[in-house]
Amino acid sequence: MSRIAYVNGSYRDMRDACVNIEDRGYQFADGVYEVCEIRDGRLVDMPRHMARLQRSLSELRIAMPMPLPSLSVVMHEVVRRNRVTYGIVYLQITRGVARRDHGFPARPVPPGVVVTARSLNFAKNQATAAAGIRVATMPDNRWARVDIKSVALLPNVLAKQAARDRGAYEAWYVDGDGFVTEGASSNAWIVTRDGRAVTRPLSHRILAGITRDVVMQVLAELQIRLEERPFTPAEAKEAAEAFVTSASQIVMPVVAIDDAAIGNGEPGAVSRRLREQFHRFSVFS
Ligand code: PMP
């Protein structure tokens, strides 16, 4: 079955789907994106993703390309046309096409909109979660506004590859003060030996993960104490558990950080419970 993408107003076979070479997303990474999980053919936590999208767009002064309900229709339609029951839907909005010049186009141009969807292998993800992942720490060399979900992901690309080169699945960024900020494509968490879940507070230095937000609700429901504070790699290596959160991985247990095994080297009980309970707290549409 051929894959279908939505590109600037029409649904196209992926092989014929293309954008103008002067799209500012291509020239300057001048755009934003969202990734939502698809479960049972439905989109997970769309209202939260759409709220974050609107915030990213307004921080960059890019216009909303169409009303939210229309965008939602397009995203559902791309999921439907690709027959995705479990996977992700990707939405990208750029400032649009204009002659290459760093400053914004003098006369407003319509934003560029691309939506794709693809299936993920559920059994494989479950197996990865059952085994747990390794993470590798490295300096956070990103810009100072990573709260904006921009498509400018070169540092994340390099960090992820550096992690892979070191036999790890995810990178954990460490700021100049020696504290973990977040993963290259996830938020970072630990569980202390006395059972408190710890994650860094929101600021311009991390992305406000939707999964992070929902996990906080799950923690409250399970009566697990939450501490929003920075932690160091040294504290993480001594923690009972560690995990990462993202829309495509939900709660993914971490079993090693650099060369240190976490806990007994297996996914921890809190991480597993959060993963199991997560979708009870999600909104499906
Ligand atoms: N931080 C970064 C840098 C990310 O790329 C992601 C995934 N998009 C996250 C955190 C997690 O965000 P979410 O839970 O909304 O997927």
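Computed from a predicted structure; not experimentally measured. Order of appearance sets the numbers: ligands from 1, and atoms from 1 within every ligand.
- Residue-level proximity to ligand 1 for Ser248 is absent, since no heavy atom of it falls below 4.0 angstrom.
- Looking at Arg273 and Glu241, no side-chain N of the basic residue comes within less than 4.0 Å of a carboxylate O on the acidic one, giving no salt bridge.
- At least one heavy atom of Gly183 sits closer than 4.0 Å to an atom of ligand 1.
- A salt bridge is defined here as a Lys NZ or Arg NE, NH1 or NH2 lying under 4.0 Å from an Asp or Glu carboxylate O, and Arg200 with Glu182 fails to meet this definition.
- Considering each of Gly209, Ala171, Pro155, the one bringing a non-hydrogen atom nearest atom 12 (O) of ligand 1 is Gly209.
- Residue-ligand proximity, Ala184 to ligand 1, at heavy-atom distances under 4.0 Å covers atoms 3 (C), 5 (O).
- By the 3.5 Å distance cut-off applied to N or O atoms, Ser246 is not counted among the residues near ligand 1.
- In terms of protein heavy atoms, atom 1 (N) of ligand 1 is closest to Glu182 OE1, 2.7 Å.
- A salt bridge is defined here as a Lys NZ or Arg NE, NH1 or NH2 lying under 4.0 Å from an Asp or Glu carboxylate O, and Arg225 with Asp194 fails to meet this definition.
- With Asn187, Val215, Asp45, Thr181 as candidates, the residue nearest to atom 11 (C) of ligand 1 on a non-hydrogen basis is Asn187.
- Contact annotation for Tyr173 and ligand 1: no heavy atom of the residue comes within less than 4.0 Å of the ligand.
- For a threshold of 3.5 Å applied to N or O pairs, the pair formed by Thr211 and ligand 1 contains at least one separation below that value.
- Shortest contact from atom 5 (O) of ligand 1 to any protein heavy atom: Ser185 CA, 3.3 Å.
- Considering only non-hydrogen protein atoms, atom 8 (N) of ligand 1 sits nearest to Lys149 NZ, 2.4 Å.
- Summarising the local packing, CZ of Arg42 is surrounded by more than 12 heavy atoms from other residues, nucleotides or ligands at distances under 6.0 Å.
- No hydrogens or angles considered: a donor-acceptor pair under 3.5 Å links the side chains of Glu37 and His279.
- At least one heavy atom of Arg52 lies less than 4.0 angstrom from ligand 1.
- Protein heavy atom nearest atom 16 (O) of ligand 1, with residue, atom name and distance: Ala247 N, 2.8 Å.
- Of all the heavy atoms of Ile206, none lies under 4.0 Å from any atom of ligand 1, so neither backbone nor side chain is involved.
- More than 12 heavy atoms of other residues, nucleotides or ligands shown are found within 6.0 angstrom of CZ on Arg100.
- The existence of a salt bridge linking Glu170 and Lys160 is confirmed by a sub-4.0 Å separation between a basic side-chain nitrogen and an acidic carboxylate oxygen.
- Salt bridge annotation for Glu77-Arg81: present, with a cationic side-chain nitrogen under 4.0 angstrom from a carboxylate oxygen.
- Side-chain polar atoms of Gln161 and Asp165 form a donor-acceptor pair below 3.5 angstrom.
- Counting protein heavy atoms only, atom 13 (P) of ligand 1 is closest to Ile210 N, 3.6 Å.
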